[in-house]
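Values reported hereafter were calculated over all heavy atoms of this structure, with side chains retained and with hydrogens, waters and symmetry mates removed.
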Amino acid sequence: EITGSVDALTEIGAPVSGGFYSYPFGSYDDNVCKLVSDAGFQIGFTVEPTLFSLISGDRMGISRLDTNDLPIKSGSQTDHWLSATELLEG
């Protein structure tokens, strides 16, 4: 997967160095993170539905929220994500 991504990007002239990588199906571990980093990618995205911390987070394991993870209405189980975002905005 990693080599195929590098080859595809190279073929279309897109830079890999410093680029972003999304782990297929969010599957990754420390070994995969190292391989992705060694391939030249600077950031790796997971599918873990949590907020990422710029202070303590690992740039090769950045979590992200899918729109399906966001609350449809107030009072849902994910309201705490919205309140955490408000804290970041100041």
**Q** Pairs in or reaching into residues 2-17: which pass side-chain hydrogen bond (donor to acceptor under 3.5 Å, both in side chains), with residues at least two apart or in two chains?
**A** none
**Q** Tell me every residue that passes side-chain contact (heavy atoms from CB on, under 4.5 Å) with Glu1, counting only those two or more places apart in sequence or in another chain.
**A** Tyr21, Pro24
**Q** Locate the shortest heavy-atom distance separating Phe41 from Val6; write the atom from each residue and the value.
**A** CE1-CG2, 3.7 Å
**Q** Locate the shortest heavy-atom distance separating Ala39 from Val16; write the atom from each residue and the value.
**A** O-CG1, 3.5 Å
**Q** Mind checking the CD1-CZ spacing from Ile43 to Phe20? Nearest 0.5 Å is all I need.
**A** 4.0 Å
**Q** Would Val36 and Ile62 show up in the same hydrophobic cluster when neighbours are defined by side-chain heavy atoms closer than 4.5 Å?
**A** no
**Q** Mind listing the closest non-hydrogen atom pair of Met60 and Gln42 along with its distance?
**A** SD-O, 3.4 Å
**Q** With sequence neighbours left out, which residue pairs that include part of residues 24-37 fulfil the side-chain hydrogen bond (donor to acceptor under 3.5 Å, both in side chains) condition?
**A** Tyr28-Glu48, Lys34-Asp38
**Q** Hey, could you give me the CZ/CZ distance between Phe45 and Arg59, rounded to the nearest 0.5 Å?
**A** 12.0 Å
**Q** Taking a hydrophobic cluster as the set of Ile, Leu, Val, Met, Phe, Trp and Tyr residues connected by side-chain heavy atoms closer than 4.5 Å, whether directly or through intermediates, do Leu9 and Tyr23 fall within one such cluster?
**A** yes
